[in-house]
Amino acid sequence: MQNLLHNLNPEQLAAVTLPAQSALILAGAGSGKTRVLTTRIAWLIQTGQISPNGVLAVTFTNKSAKEMLMRLSAMLPINTRGMWIGTFHGLCNRLLRAHHRDAGLPQTFQILDSGDQLSFIKRLLKANNIDDEKFPPKTLMYFINSAKDQGLRAAQVDAYDDFNRKMVALYDLYDLQCQREGVVDFAELLLRTYELLSRNQPLREHYQSRFKHILVDEFQDTNDLQYKWLKLMAGTQAAVFAVGDDDQSIYAFRGANVGNMSAFEKEFQVENLIKLEQNYRSHGHILDAANALIEHNSQRLGKNLRTDAGHGELVRIFEASSDIQEAQWIAEEAKNLIRDGYDQSQIAILYRSNAQSRVIEHALFSANLPYRVYGGQRYFDRAEVKHAIAYLQLMDNPHNDSAFMRVVNFPTRGIGARSIEQLQDAAKQYGISLYAAVPYVSGKAGSSLASFVKLIEGARFETQHLPLPEMVQVVLDVSTLLNHYQSEKEGTERIENLEQLVNAATLFVAEEGFGHDAPALHGPASRPAGQLITNGAAPIEIIDADAALPTVMSPLSAFLSHASLEAGDNQAQVGQDALQLMTVHAAKGLEFDAVFIGGLEEGLFPHENSTQEESGVEEERRLMYVAITRARQRLYMTFSQTRMLHGQTRYNLRSRFFDELPEASLKWLSPKIQTNWFARPKSAWDDAPELGANAIAQSLQSQSQSVWRIGQNVAHAKFGEGVIVNIEGSGSNARAHINFGKFGMKLLDLSIAKLDRI
DNA sequence: ATGATACATCTTTTT
DNA sequence: GATGTATCAT
C-alpha cells in the first residue's frame, strides 16, 4: 500500500484515495493522468473496497485499455481478468454477444467498420433508386452516425424540411437493412446496448449492482450517447471516476461533447473536483506558451499548468519562404539536435493535416534521416485482408451483404454486374439477403451464383471442427485468394499479409482463448447457453456476460469482432530509432524531448474549414495546445510564406496563434516581419507586395487570364449548358459555381474543368 | 472483365 | 499533385 501511493503529489494522492463517490479529475497535459486512474483501481482493490469484478474501466482506444491493463498487472499481484477494462465499443460488443437475444440480434451479428458502412449505404441508395447526387452517401452516413451518437433512432429525429424528412426515412431504411443482414455499425453497438439496458430492468440492475466503480478515461471525448450510457450503467449506486481535460478536447468534429464535463459535475453531484495542474513533462517557457494560448478560449473549466522544471529554453520560431524550405530547415535542425545528443526517436515533427507529410518526408529522405510516419494503413484495412475476412464473415453470417458483395466475384468467377443486378432484384423483392436470394436467380447467372454459395457452404462444413488458425488457412486456399495473388506480379506482399492472418488467428487464440477484448474464459461454461432473461416472470436468473459468453460466441465470431474493433496497429513499424512524423491528433497522449510544429499558417492551422465559427477556432486552439504540450525540452514552430496545396501555390499568412503567445517565451529565428495583417483585407492579392516582385508578376498574370465572370454562359461535355453563378478564389485557384439546370449546381475548378464560352 | 480516361475531391480519426 | 471512383471503350 505504501508502495502503491508513494511518489504521488498531494493532488494525485487526493484523487486516488477519494471516497466512493463520483468525482471529476481535471488532469492537465503531462500531469500523470493514467497513473492516477490505474493507481485508483489498484488502491480500491488493495484496500478491499471492491473486488476485481466490480470494476468497470472505459477508454476510447484499445491502446489505452491495454496500457491500463499492463500497468495494473504490474501494480497488483492479482489476476486482472475479472475486471472489465476496455473501449466503449469493446465492452458493448461483449454485452451484446452475451445477451444477443434480448438485444434482438442474431448470435453471429457482425460489425461494420466505417468503410463497410459507407459501401453499405451506397448499396442501399442504389437498391432504392435514390439519386446519390441529391443524397450523397457520405452525408447520409454522417447524418445517421450523428443521430446515433446522440442516442436517437430515426423516429426520434426532428425533420423540419423535405430533405431532412428524406434523410430520416433513409436512416430508418438503413437500420432495417442492417437488421436484415445481421450487421451493426460502431455507433449501433453503443445505442443497442443502451436500449437493451434501458428496456430490460433485471439485466440493468444486475450490471448496476455488479459495477460499483466505473472509471472513465479521456472523459472530454465522450459523446452524448456515451454519456447517457454511463449514466445508465452507473444507476444510483456506482461511483463514477471521470478523468479528463477540457483543454484537450479535439474530437468535437466527431461528436465529442465537452459539455459532458460540466453536466457530469451537476448530474452526478460531484463534490470532489480535483485539478491536476502539476506538469511533469515540459519546461517553463513551453508551458507558459501553452497556458497563454489556451487563455484565449472562452469556454473553459479553468486550469493552469505549472512546473518545477525551470524555464528551460525559449520556444523557437522560424519563418520559411516555401514549404520546401520549411521542410529542409526542419531536417537540418533535426540533424543538429541529433548531433547535440538528442535521441532520434525523441524528436517529433507534427502537422495539422496528413498532406503536409510528403514534403517533410522528402526533405528527411534527402538529408538521409530515418523517419517513420504514424497513421498509415492498418493491417485489417488492407484490401487482401478484407477479402479474406469477408469469406470468414460469410461463413459465420451469410446474410452480411457487404461481405457477399466484396468477394462474390473476387477472385473473378464470371459473376458480373448483370448477374448481381438480377440477384439484387430478387433480394429486394423478397426482402432477404443476397445470399438467401441466390436460389431465386435462374439461368447461367443462377448457376454461377449457386456454385459460389456452395463454395462458402463447403468451406464452412470442412472447417467446422477445426481450430481457428487452420480454418483461416483453409479459407485462404478454398477461396483461391492465395492462388490469385500468386499469379499477380505485385502479389508477394499481399500473400505475406494473408499468411499473416493465420498468425493473427493463432495469436488471438493463444491470448486467453478469444483475445483480450473478450472476458475471462476459463474452461467450458458451467451453465447452458446464456438464454435467460424474460421480462415479466420472476424469479429471473441472470447469467452474467462472463458466464454466458463462452457458449454464445464462437472463436470465429470473436475473431471477426476483434478484426473490426481493433483494426490493428497503425503505429507503423515498432521500435525503430527514427524521427516521428504524425498529425497533431495522433500525437495526443505522447511526449517527446523535441517537437517541431510545422505549417502554422492561417487556413492550415487553424484550418480554414474551422474558422467560420468561434467554436471551430477554439477547437483548433486546443489542438495547438495539445501540440505545444507534447514537448519536454525544446519546441519549434514554423510557418511558410508559400505552400503547395491541392496542386496550387498558396500564399498564406502567419497563424493567428503566434499573436496569442507570450513574446517573452519566444525566440524568432528569422526576423519577425511587421505586417500588421489584421488591419489589411484578408485576400492573398493584397498581401502580394510582401511576397516580392515575382509573386506580383505571377498574380497579375493569372488575373489577366481569368476570362470567367459571373453570368457567363458555358458549355460542358457532360453537364451541357450552364451559367456561372458565383466564382470563389482567384487566379489559378478559382472555382465556379455553375448552374447546369437539370444536372444541378456544380462547383468546378476553372483551371481543370473543360468549359467553353457560349 | 479489364484498362483507360475523366473528373471530383482534398482536415483531423477511433471504434 | 495524388487519389479514388465512375464511366466508357475494348
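Order of the sequence lines fixes the chain letters, A, B, ..., with proteins taken first and strands second; residue numbering starts at 1 for each chain. Note: hydrogens, waters and symmetry copies are ignored here, and every other heavy atom, side chains too, is used.
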> When only distance counts, do a donor and an acceptor, one from the side chain of A:Ser114 and one from the base of B:dT15, lie under 3.5 Å apart?
Replying inline: yes

> A:Asp323 has an atom CG; how far is it from atom P of C:dG1, in whole Å?
Replying inline: 12 Å

> Contact class for A:Tyr251 vs. all strands (heavy atom < 4.0 Å): base, sugar-phosphate, or nothing?
Replying inline: sugar-phosphate

> May A:His646 be described as stacking on the base of B:dC10, applying a 5.5 Å centroid limit and a 30° limit on plane angle?
Replying inline: yes

> According to a strict under-4.0 Å criterion, is A:Asn354 in side-chain N/O contact with OP1 or OP2 of B:dT12?
Replying inline: yes

>> For A:Phe109, does the six-membered ring have the charged nitrogen or CZ of A:Arg97 within the cation-pi criterion, i.e. under 6.0 angstrom from the centroid and within 45° of the normal?
In response: yes

> A:Asp132 has an atom CG; how far is it from atom C1' of C:dT7, in whole Å?
Replying inline: 13 Å

>> So if I take every side-chain heavy atom of A:Arg254 and compare against B:dT14, C:dA2, B:dT12, which nucleotide ends up nearest?
In response: B:dT14

>> Looking at A:Ile324, I'd like to know if its CD1 atom is crowded, meaning that more than 12 non-hydrogen atoms belonging to other residues, nucleotides or ligands lie closer than 6.0 Å.
In response: no

>> Just the rounded figure in Å: distance from P of B:dT15 to CE of A:Met141.
In response: 15 Å

> For B:dT15, does either OP1 or OP2 sit under 4.0 Å from a side-chain N or O belonging to A:Asn223?
Replying inline: no

>> Classify A:Glu620 by what it touches in the nucleic acid, base, sugar-phosphate, or nothing, heavy-atom distance under 4.0 Å.
In response: base

> Roughly how many Å is it from CZ in A:Phe605 to C1' in B:dT12, rounded to a whole number?
Replying inline: 10 Å

> Quick one: A:Gln117 CD to B:dT13 C1', roughly how many Å, whole number?
Replying inline: 14 Å

> Do you know the tightest heavy-atom contact between A:Ser249 and A:Asp221?
Replying inline: CA-OD1, 4.2 Å

>> Tell me every residue that passes ring pair (Phe, Tyr, Trp, His ring centres under 6.0 Å) with A:Phe410, counting only those two or more places apart in sequence or in another chain.
In response: A:His387, A:His484

> Could A:Arg358 and A:Glu361 be called an ion pair, given the rule that one side-chain N must be under 4.0 Å from one carboxylate O?
Replying inline: no

> Starting at CG of A:Leu189 and ending at P of B:dT14, how long is that distance when rounded to a whole Å?
Replying inline: 17 Å

>> Using the side chain to side chain donor-acceptor pair (under 3.5 Å) criterion, which residues pair with A:Glu195? Sequence neighbours excluded.
In response: A:Arg153

> Under 4.0 angstrom, heavy atoms only, what part of the nucleic acid is A:Asp185 near: base, sugar-phosphate, or nothing?
Replying inline: nothing

>> Pick the closest DNA chain B nucleotide for A:Lys138 and for A:Phe186 by heavy atoms, then say which residue is nearer the 5' end.
In response: A:Lys138

> Between A:Phe253 and A:Tyr251, how do the two ring planes meet: parallel, tilted or perpendicular, split at 30° and 60°?
Replying inline: tilted

> Can A:His89 be classed as stacking with the base of B:dT15, given a centroid separation cut-off of 5.5 Å and a plane angle cut-off of 30°?
Replying inline: no

> When the ring centroid of A:Phe404 is compared with that of A:Phe452, is the distance short of 6.0 Å?
Replying inline: yes

> Closest nucleotide of DNA chain B for A:Glu619 versus for A:Phe88: which of these residues is on the 5' side?
Replying inline: A:Glu619

> Of the nucleotides B:dT12, C:dA6, B:dT15, which has the atom closest to the A:Lys122 side chain?
Replying inline: C:dA6

Polar atom pairs between nucleotides 1-3 of chain B and protein, under 3.5 Å, N or O only, would you list them?
| unit_1 | atom_1 | unit_2 | atom_2 | d |
| --- | --- | --- | --- | --- |
| B:dA1 | OP1 | A:Asn409 | ND2 | 3.1 |

> Counting any heavy atom closer than 4.0 Å, what does A:Ser564 reach on the DNA or RNA strands: base, sugar-phosphate only, or nothing?
Replying inline: nothing

> So, A:Phe253 and B:dT12: ring centres less than 5.5 Å apart, planes less than 30° off, yes or no?
Replying inline: yes

>> Using the side-chain heavy atoms of A:Thr583, tell me which of these nucleotides is nearest: B:dT11, B:dT13, C:dG1.
In response: B:dT13

> Rounded to the Å, how far apart are A:Phe60 CZ and B:dT14 C1'?
Replying inline: 9 Å

> Is there side-chain contact between A:Ile250 and A:His585, with at least one heavy-atom pair below 4.5 Å?
Replying inline: yes

>> Rounding to an integer number of Å, can you tell me how far A:Asp149 CG sits from B:dT13 P?
In response: 18 Å

>> OP1 or OP2 of B:dT15 versus the side-chain N and O atoms of A:Arg378: is any pair under 4.0 Å?
In response: yes

